[in-house]
Structures are given as C-alpha cells and as structure tokens.
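Here's the structure, in structure tokens; my notes come after.
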Amino acid sequence: MKVNKTDFMTNEALQNLITSWIPELEFTEEGSQFLNITVQPEHLHQLMSQLKSNSETNFDYLFCLSGIDWGKELGVVYHLESTTHRHIIVVKVKTEDRDNPTFDTVSNIWLTAEFHEREVFDFFGIKFNNHPNLKRLFLTEDWEGFPLRKDYVDEINMIIK
Amino acid sequence: MDTSIANSNLKSEEYFINMGPQHPATHGVLRLLLTIDGEIIKKVEPDLGYIHRSIEKMCERDSYQQIVHLTDRMDYLSSHINNEAVCLTVENALQLEIPDRVKVIRTIIGELTRIASHTLWWGVMGMDVGALTTYFYGFRDRELINDIFEETCGARLTMNYNIPGGLMFDIHPNFVKRVKDFIAHFKTKLPEYDTLLSGNVIFQKRTKGVGILTKEDAISFGASGPVGRGSGYSCDVRKHHPYSALDKVSFKEILRTEGDTFARYQVRVDEMWESMSIIEQLIDNIPEGEYKVATNAVIKLPKGEFYQKVETARGELGVYVVSTGTKNPYRVKFRSPGFSNLSLLNHITVGGKIGDLVATMATLDIVVPDIDR
Amino acid sequence: MNLTLSITNNIHNWLFSIMPEGVASIAEMVLIALVYLAIFAVAGLYLVLLERKVAAWFQLRIGPNRVGYWGLLQTMADALKLVSKELTGTVKADKFLYNLAPYFVIVSSLMALSVFPFTREFQAFDINIGIFFLIAISSIGVIGILLGGWASNNKFALIGAMRSGVQTISYELSVGLSLLTMVLITGTLQLSEIVEVQKNGWLIVQGHIPAIIAFMIYMIAGTAETNRAPFDMVEAESELGAGFHTEYSGMKFAYFFLAEFINMFIIAAIATTIFFGGWLSPFGITESIPWLGVFWFIGKTFVIVFLMMWFRWTFPRLRVDQLLTLEWKYLLPLNLLNIILMALIVWLNLTIQF
C-alpha cells in the first residue's frame, strides 16, 4: 500500500516517541506492514488516550478493532490511523485469562469502539470495563459459548472439513 | 425481544416502536428499536444478526481462493470491489507482480460497480422519501450495467471475477464498446435524474438540515465513504492508499461540509460523475498482456499479518488476515463500512422526527449483510 | 337528454300509478340510490385500475394487462378476492363501532356524489345550498377514520387515525375557503345555478387571477384531504406507525380503500363543476346536444384525477409537521387574502365575461 505523506512519522520516530511515555512496551515490525505495539492490559487506556491526544501522533481514526484467539491467550488488535499525518500503527493487547478476560474500553476515546467491542464480546467473550452497553450484538441473548474462539465446539452448526 | 427493555421505557409519554426486520425502508433485515415521544425520537437501537452467516469463522477453514467467494455475499452491491480486496491482500502478501492489464480491468469494473450501486441507492432514496417512481428509473439503468457484467463475468450480482493472481477469464470482445455506449447513455440520464429529486422543493425540505453529522463525530465514529465525505472528512481510500490502477487516473474527491442528508445525497451523485470520468480515462487504453499470473494450486501465505483497504461504494472495507503459514488463514477480519456507518445512526437521529429517520437511513446507504457478515 | 328525461318521467309516472304516493316516492328514492350505488361501485373499481395503469405508464412499465383485455377485469378479480377474505377482528375491539366505521366513510362519499349535475336536469339532489352541503358532508368522513382507529383497540392504529384526522380537518378549511372565493362570482350556492352562470365563460376564466390562485390552493388542499401523496405520510408510515385501517381486512378494508378513490373523484368533480364549467362544452360547441354534457363532465373530471395521480407518482412525501405548517402558515393566510382580492374584482366589475 502506498501512502501519502504529510507530517508523516516513520516507524522509528513513532517508536522513539511512544517509548518515552510508557517503558514496558514491545515494539516489532516483523510479519506486518506497520509498527506493532504490544501493551499490558493495565496500561492500555493510558496509551490509547495519549496516542490520540498527542498532536504529533494524533491517531484520531480507529479503523479496525479485532478480537483474536491466539491459542493460549485471547487478545484484541487495534489498527489506528491519523487523518492528518496519515501514519498507521497497530496496538495489541493480550491476556491469558480465558475464563474472564477483561480490558479497558476505548469507546470513550473513539466512539466507533462501542459497536466493535460489543462484537468482540459477542464472539470471544472478552469483557470491557466501563463500556456503556456491553451485550451481545449479533447472536441472541441466550446463546451459550463464544463462536470465534478456537476451542468452540458446535456439533450441529459447524462443518469441519 | 425480551420485555425488560420495553418495560423500562414505558413511561407515560414515551412509547416503543419496532421498525421490524421486514420493512421497506431498512434496506435488508435490520431491526430498529425506537423509543419515541410523540413524533420526536429519543433513542434508536439497532438489533443486528438476522443475516449473520459467520463468514469470518468459515474463512478459517477455507482456502484463500474459496474466501473470495464468501466476500461478495457481504456487500452484494459492490461485490467486485470486495473480491478485489481479498485478492489484493493475498497478492501483496505473496508479493506477486500483477500485470497492468489486470489492474486496469479491475479498476474499470470496480468503478462500474460503484455506479451500479449508486444508481440503485438513488432509486431507493427516492422511494424512501415517497417518490416511488425513482425506483424504476434507477433499476432500469442498473440493468444495463448488469448486462455488461453478465457478458464478461458470467454473473449479474455476485461476480467472482477476481481471483488471487488476476482475473478468472479475459474480458469479452464487446466489453469496451458496451461500456462506452453505457457511459454515453448515462451521461444524458444522470442530470435528468438528479434534477428530478434534488430540484424538488419537497425533497429539499425533507433532507436539508436533517441528520447533521459533524466532521469530528465522523472521524470518531469511523464513518467512511460518502457518509464521511458529506461532512467534510477526506476519507477516500482511492486517494490516500491507492490500489490497482487508481494511481494512474486523475479524479476529484468530492467533499461537502454541511454534513446533512442533502450533502450526502449530493456527494453520491457527484461520485457517479467522477466514476464515469475514471472509466473514460481507462477504457480506451487497456494494456495488452496476460489476464492472470500463475499461483500455486494451494496458496499459503507467509507467516504474519496483512491488511488491505479498498473503497467500496459504501466506504472503507478492510481485510485483516493473520496467517500462520498454513493453507487456511488463522483469522480473517472484515472491517465493514456499514458497521461503523450504522453505529452513528443513534447519534444523528436523536431529537429528530420519524420521517427524518427514514430519510437519514436512506443516505447512510447500509446493506445489512455487510454489517452482519 | 329528452330521451332520458322521458324515461325518468315514464318511470316516475308508472310508479305513482301502481302504488300509493308515499310508497311510490320511497320506491323512487330507493331506485335512484341503487343507481348511484352501482355508479359508485363501478367508478371505484375502474379508478383503481386507472391508477395502476397511470402508475405503470410513469414507471415505464405496462401495468395489469392479463386479466381481461387491457386489464379491464383486474379490479373485478381483486374485488372477488377481497370479498372472499375472512373478516378478522380483534378480541377486545369495540364490535359495534368497529363495524360501523367503514360505513361512515362510504355514506359520506355517496351523499356527496348525489349532488353533482351530470348534465342539464340530470341531478339527483339539487339543493339550494349545494356547496355548503358538500363541504358539510365531507366532514362526516373524518368520523369514520377516527372511529376506525379507536375501535381497533390498537395503540398504533389510534395514533395513525388521529394524525390522519388532524390532516383532514386542517385541509377542509382551505377547501372551503377556496370554494367560497368562487361563490363570490356566482352569487349562489346551488350547483346547477353555478353551472348556468358559467355559460358566460368558465369560472376560472371569469375570475382570472384570484380564481387561478383559488384553484391551485384547492388542488393542494383537496389532495391533502384525501390523504393522497404527497400528503400520505400517515399511510406510508403505516409500516412503522400503523394506519387507521390496520385491523380491517376483507370487505371492510375494501370499503376504506374504495372510499379513498371515490373521494378523489369527488374532489375532481367539485373542481370541474366550480372551476371548469361542469357539463358545459368549451365555447358552447355542443350546446344543442345536452346529453353530451355527461361526457364533458366525465372527461374534465378525469383530467383532474389524472393530475392528482401524476402528483402521487412524482413527488416525495411531506413530513407530518411540514404538512400542517403548509396549511396553517401558508395556505390559510393566502386563502384569506385571495378572498379579499376576489371581492375587489367582483365589486369593481373586472371579471371576464363572454
């Protein structure tokens, strides 16, 4: 993907800036087009609000919020873009707690996250603190289980090849 | 629907209306739960999932060629562009060199799809606000495009013409001539259609100043496509992250600042003109060459994560593939434009009237299978 | 006309010869009522077909053409279907009012139909307060709507009925006032006299500017009064908020449905009589053949009906509050000013007479 650059920060510049906020972050560009940041759940909200409010990064557009079952851990991947500087960054957060996975919500930072987080809750069972309306979105209220997890078993509906 | 919501909202003034899944104005199986006070809307809550087909889960067990066939059932009105998104993801991951011929044909057919989708949208928009005749006029022109597609791609709606590596077959010999005839015909019709609705005082009063979306809200809600551009937010993926042959053509990104329903309407109509201009720039100079590149029969993407954005008729579609090197993807996530566009429905219609809700929904142009996947 | 007059005279004399006077007049009235009921039914049926054909013409398609040559038996088939439907009713609905409501609408339409002069001396009921009677009768139709909504015991039907009732009552004002404007020229409320006055030129020509304004206001208000597009928000939102006739099925629904089309015919007929000369031919070309007047009347009425159908299939709908704003803030003051203007023109003898 080609990118138009205006005040665009390179991955290295972004990494230098963001490390200065929170030390315990992992940065990698391996296996991805963008800079990936892995953050601990307790620093998630702080990192996110700083990414948005800082004028050099100005990540005001959350364009994708996906839940992933990494096999052992459950995680959420946030793709952020800045509409003014046009740089893109990926933030990942994971937890090994499969019974009661919980992260902080970012719907008070980006309003689009409200629906996306409901979808993640619906399919993975990940709860979000302070979410205004955390209920299932696509499946019915009485559905049991979280379908997009890798250990989800459904004898009737799933056709395994 | 459980009664707890109904009971909590049954006060003396407010009442609770269900704009049920079978409804002409909801563009698919969408259920809206409205809480209204007389004529004023207090809250709109969409109830999704009526057409959820677990496409993302199916993608985890299918091969990459098979995933393409699942994507055109998502937003069936811009099915070609959905296919293109997945194919581009796979091709960029494998770092395949796609011939120029393929890129140009993909762009031309993509823009034709966009015109077809917007023509249908125009017809339905008129029908939603009450001018029932526009539905027939819109479909009549869409039929011409569908006939072109049928001749070249083999199908009218879910075309599956793109495969990872190129196109499924070469274009039909009549393709160039028919597209040029269509463009010439549509250029005479579009001003007539536009004046029929936008010149009408009743339509203007129904749509101006209604459903206003500010630019900050558009960015925060992740609005894309004409919904975002109607509020002055420059979000055209074709400009910011060009793909296929889009970096070789020159076109304007249509922006309007008012952010109301009428602005979104005008953005879409102007986009049809821009699409026609793109096609005209490309149609005479389709480069010679192969129509596909050979790939392995079993495609395995390298280990890693890949993201591709495209601009469908509705907005920004994103395909996020996580691969562990096997023949099936580990996780596929489709970031659908309708999903984010629908989430702002409550924000822009609260405080308005029911008639405004119908007009606003029409300009958000959502296709519910796109949202439910 | 002499032929028809002699037929009616013959029937009249025959009835009075075989029965005592009181019974004969009642029998005569019943006969006339049956004739009008037949006209009502046939006209309603063919108006529905006309609407479908006109709609198809605007939408570049053909419309019904399978049932009968050119689709002429289509509504017959639809009527048969409606008659054979089960008459459902809700459990807690007020049975008496629920059954009564459709009859209000039909009766008011039939009564209005009876006062029109189809041609010279071919009028069922030539009352000297013709226009006043017409406007009064059309107000009775509103009762049917409100009763239908109330008696359905359905919250949404009630709300739909009230909105429809509000719309009808508001626009009756405009209809009445615009007709009043024309009465200033004619000087009489009696419908046959009004047509006689138009032998000097149709009233829309006689009154020129204020008459044209009155006609335009009348067309808008008339379309709104029958809840037709572009003022049919109440019915269109019936998927959302339920119109007043949701709980009706089968024949009772057919009554409401037919009454809407007959109301449209009545609005057009009033316009023809008051503004366009009723059964008179333009420039008096067929004045010597009076029975052609029926064809002129029907022809003019159908042109106006076509105009109303044209509105429906072209314009988007107005929102409910925009609809009421239009009436109370724009049409009503305009109407009142127009009356003053017309009064001035009549007083200063500026009407165009031929």
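The analysis underlying the following values was restricted to heavy atoms, covering all of them including side chains, and did not include hydrogens, waters or symmetry mates. Below, chain A is the first sequence line, B the second, and so on; all start at residue 1.
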State, to 0.1 Å, how close [X] and [Y] come at their nearest heavy-atom pair, and which atoms those are.
X: B/Asp128; Y: C/Arg317; answer: O-NH1, 3.8 Å
X: C/Arg319; Y: B/Arg206; answer: N-CD, 3.8 Å
X: B/Ile202; Y: C/Pro316; answer: CG2-O, 3.5 Å

Proximal component of B/Lys205, with respect to chain C [non-hydrogen, under 4.5 Å]: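 For B/Lys205, heavy atoms of backbone and side chain both lie under 4.5 Å from chain C.
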What do you reckon, is [atom1] of [X] surrounded by more than 12 foreign heavy atoms closer than 6.0 Å?
X: C/Leu307; atom1: CG; result: yes
X: C/Trp313; atom1: CH2; result: yes
X: C/Phe306; atom1: CZ; result: yes
X: C/Ile62; atom1: CD1; result: no

Under 4.5 Å from a heavy atom of chain B, the part of C/Leu318 involved: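 Interface part for C/Leu318: both.
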Residue part contacting chain B, namely of C/Gln59, when any heavy atom lies under 4.5 Å: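 C/Gln59 touches chain B through backbone and side-chain heavy atoms alike.
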Close contacts, residues 262-272 of chain B versus chain C, judged by heavy atoms under 4.5 Å: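 When heavy atoms of chain C are the reference, residues 262-272 of chain B contributes no residue within the under-4.5 Å range.
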Residues of residues 130-137 of chain B with any heavy atom under 4.5 Å of a heavy atom in chain C: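 Listed by number, the contacting residues are B/Gly130, B/Ala131, B/Leu132, B/Thr133, B/Phe136, B/Tyr137.
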Spacing of CG belonging to B/Asp356 relative to CG belonging to C/Asp321, to within rounding of 0.5 Å: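 Separation between the atoms: 7.5 Å.
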